[in-house]
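Notes for the one structure printed next.
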Amino acid sequence: MSDETLSNLLKEDRRFEPPADLAEHANLTADAYDAAAKDREGFWAEQAESLDWIERWHTVKDTSYEGDVRIRWFDGAKLNVSANCLD
């Protein structure tokens, strides 16, 4: 298989819409996508409020680059993921 063929196989532009009855009962609507596009950090902060945090974050998204390129979400927070999954 040539590199060009492999490269073509890795590109996917098609979009598959969900069945209407599935979309009707989805937890996320098109409005949520619009809200996230307008204010990404605000959107995720709002979503995070539904979790039980041990310690709340002081910064939703930290993009300060000191040496390494790192992006930290919910910086300063502590979360027990298993406790949130069990509830």
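Being a predicted model, the structure only gives us computed values, none of them experimental.
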May I ask you to check whether F74 and W44 place their ring centres under 6.0 Å from each other?
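No, the ring centres sit 6.0 Å or more apart.
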Heavy-atom distance under 4.5 Å between the side chains of [X] and [Y], does that happen here?
{"X": "K61", "Y": "T59", "value": "no"}
{"X": "I71", "Y": "D62", "value": "no"}
{"X": "S64", "Y": "R72", "value": "yes"}

Check F43 against A32 and note the closest heavy-atom contact, atom names and distance.
CE1-O, 3.6 Å
H25 and D21: which non-hydrogen atoms are nearest, and at how many Å?
ND1-O, 2.9 Å
Any chance you could lay out the side chain to side chain contact (heavy atoms under 4.5 Å, CB included) test for W53 and L79, step after step, and finish with the verdict?
CA-CA 5 Å; W53 295 87; L79 177 71; 3.7 Å; yes
Does atom CZ of R56 have more than 12 heavy-atom neighbours, drawn from other residues, nucleotides or ligands, at distances under 6.0 Å?
yes
Could you state the interatomic distance from CG (L86) to CG (N80), rounded to the nearest 0.5 Å?
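Between atom CG of L86 and atom CG of N80 there are 8.5 Å.
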Regarding S82 and N84, do their side chains bring together a donor and an acceptor under 3.5 Å, going by distance alone?
no
Looking at L51, is its backbone amide N or carbonyl O close enough to the side chain of E49 to form a donor-acceptor pair, meaning the two atoms are under 3.5 Å apart?
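It does not hold such a pair.
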